[in-house]
Amino acid sequence: MDTEGIQRHEDSGAADTLGCETLSLTPKDVATYFSTAHEVSAATFHAESIILPCSFSGTLMKGGAKYAWRIHAAGAGYLTAEATGQTQRFLCQAACEKALPALMGQ
């Protein structure tokens, strides 16, 4: 999995940034996230995801295909295939607390 650039996003209109300014994500962290997180249904994602006012995005190559990705602090993420537009939803809560403490605010 090759990551191409990481952009940081922060909702400046949020009343509380919840420590977003200290969070970071590296290309290695992106690979760790998608190998650690579990794909979930849209209903499960909607019910269980925590969306904080900061996230990271970029593109990656996986299996010869290009994807756009977005990972929110607290472990909610998306992977969208460029060719089809199909979006997969991921959650990584307890597993990411150990694997990616910088993303989880640890």
Side-chain angles (χ1 to χ4, degrees):
M1 181 179 304
D2 293 323
T3 303
E4 301 173 4
I6 296 177
Q7 297 176 347
R8 179 187 178 84
H9 309 274
E10 193 170 316
D11 180 2
S12 59
D16 186 355
T17 62
L18 301 168
C20 287
E21 57 279 350
T22 65
L23 300 180
S24 63
L25 204 63
T26 67
K28 183 180 176 189
D29 293 335
V30 174
T32 299
Y33 176 85
F34 285 110
S35 65
T36 305
H38 299 286
E39 185 177 358
V40 297
S41 68
T44 298
F45 188 87
H46 180 71
E48 297 181 17
S49 64
I50 299 169
I51 305 294
L52 294 181
C54 51
S55 64
F56 302 87
S57 68
T59 58
L60 60 83
M61 295 293 293
K62 178 181 169 186
K66 191 171 187 177
Y67 294 85
W69 59 267
R70 181 174 292 265
I71 300 172
H72 292 270
Y78 300 93
L79 193 59
T80 303
E82 183 179 86
T84 64
Q86 181 179 353
T87 298
Q88 299 168 279
R89 293 160 185 85
F90 293 85
L91 291 178
C92 188
Q93 294 152 339
C96 278
E97 287 179 11
K98 292 180 183 175
L100 296 167
L103 176 66
M104 306 302 284
Q106 303 289 322

- Specify whether Tyr78 and Phe45 have parallel, tilted or perpendicular ring planes, treating 30° as the upper limit for parallel and 60° as the lower limit for perpendicular. tilted
Atom [atom1] of [X] and atom [atom2] of [Y]: how far apart are they, to the nearest 0.5 Å?
{"X": "Arg89", "Y": "Thr87", "atom1": "CZ", "atom2": "OG1", "answer": "6.0 Å"}
{"X": "Thr36", "Y": "Leu91", "atom1": "OG1", "atom2": "CG", "answer": "13.0 Å"}
{"X": "Gln88", "Y": "Ser41", "atom1": "CD", "atom2": "OG", "answer": "13.0 Å"}
{"X": "Arg8", "Y": "Ser55", "atom1": "CZ", "atom2": "OG", "answer": "9.0 Å"}

- Message: Can you confirm whether Phe56 sits close enough to Val30 that some side-chain heavy atom of one is under 4.5 Å from a side-chain heavy atom of the other?
- Response: no
- Task: Ignoring hydrogens and angles, tell me if any N or O in the side chain of Tyr33 forms a donor-acceptor pair with the backbone of Leu25 under 3.5 Å.
- Result: no
- What heavy-atom pair brings Leu79 and Tyr67 nearest, and what distance separates the two atoms? CD1-CB, 3.6 Å
- Pair Thr32-Asp29, side-chain donor/acceptor within less than 3.5 Å: no
